[in-house]
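The structure appears right after this line, and notes come after that.
Values below: all heavy atoms of this structure, side chains included; hydrogens, waters and symmetry mates excluded. Keep in mind the model is a prediction, meaning the values are calculated, not measured.
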Amino acid sequence: MSIANSFINYLVYFSGATRVSSFVAIIGVLIPFLYLAIIVRVPVIWSLIATVFGGTILPLIIQLVIIFASFGFLSPEALKDHIWRNYALDITSGIVFGLVAFALYSQGWHFKFDFEKIRLKRERYIVIAISLFAALFFPVTLILTKFSLSLTLLSACSFIVFSFLLGYTIKKERDEMKSLSYHRGVK
């Protein structure tokens, strides 16, 4: 799944597909959101909060601090002129983000409360619907936007990622139902 997600980013950023760049932001939020909701089993509301804050707001703040602390070396003009400085900014912000996360976690600053208190009653159906919608909508929209090899590959990768998440959701749901019926039969 991680490889397909990286491939999606590569295809959009380097294929010159600027018309579908808005999809990248949506896919970039949906994949971690669904990962947290499906695989980690975090409630939908907390998955959304963690995805938006931890994947968008906090990295933006870190990159802004690095840009201002670079004394013009990583200014927006320099980033436009030299592509390698964009990579340097991404690598630096990734390292800083990882170090900050490690420092906070090692100091005991992590989530210690019960996530289950805020779980929605029918959230599994919401997650299945979002996964199914994304697995079908994004590839079809990308293909209809402009037919090219890179967009076809992008469509295939997004279909694979969202189909994997959908399949995993359905499998987990079936396993839970079997486990529940087994435990009811044992008592």
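The line from CG of Leu99 to CG of Leu104 is 11.0 Å long, rounded to the nearest 0.5 Å. Expressed to the nearest 0.5 Å, how far CD1 of Ile62 lies from OG1 of Thr92 amounts to 11.5 Å. For the atom pair CG (Leu74) and CG (Leu64), the distance works out to 12.0 Å, reported to the nearest 0.5 Å. Once rounded to the nearest 0.5 Å, the distance linking CG of Leu36 with CD1 of Ile49 reads 11.5 Å.
Remark: side-chain polar atoms of Ser47 are paired, donor with acceptor, to backbone N or O of Val42 under 3.5 angstrom. The main-chain N or O of Ile67 is found under 3.5 Å from a side-chain atom of Ser70 such that the two form a donor-acceptor pair.
Among residues two or more places apart in sequence or in another chain, the side-chain contact (heavy atoms from CB on, under 4.5 Å) test is passed with Val44 by Phe33, Glu123, Val127. Among residues two or more places apart in sequence or in another chain, the side-chain contact (heavy atoms from CB on, under 4.5 Å) test is passed with Phe133 by Phe137. With sequence neighbours excluded, the residues that form a side chain to side chain donor-acceptor pair (under 3.5 Å) with Asp90 are Gln63. Partners of Ser75 under the side chain to side chain donor-acceptor pair (under 3.5 Å) rule, at least two apart in sequence or in another chain, are Glu77. Evaluation of the ring-ring contact (aromatic ring centres under 6.0 Å, His included) rule for Phe73 yields Trp84 as partners, not counting sequence neighbours.
The cluster map of Ile, Leu, Val, Met, Phe, Trp and Tyr, joined by side-chain heavy atoms under 4.5 Å apart, puts Val52 and Phe97 in the same cluster. Residues Val96 and Phe68 do not share a hydrophobic cluster, clusters being chains of Ile/Leu/Val/Met/Phe/Trp/Tyr side chains in contact below 4.5 Å. Transitive grouping of hydrophobic side chains (ILVMFWY, heavy atoms separated by less than 4.5 Å) keeps Tyr125 and Trp46 in distinct clusters.
When all heavy atoms are compared, the tightest approach of Ser93 to Ile66 is CA-CD1, 3.5 Å.
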Report all side-chain donor-acceptor pairs from residues 54-61 shorter than 3.5 Å, counting only partners two or more places apart or in another chain.
none

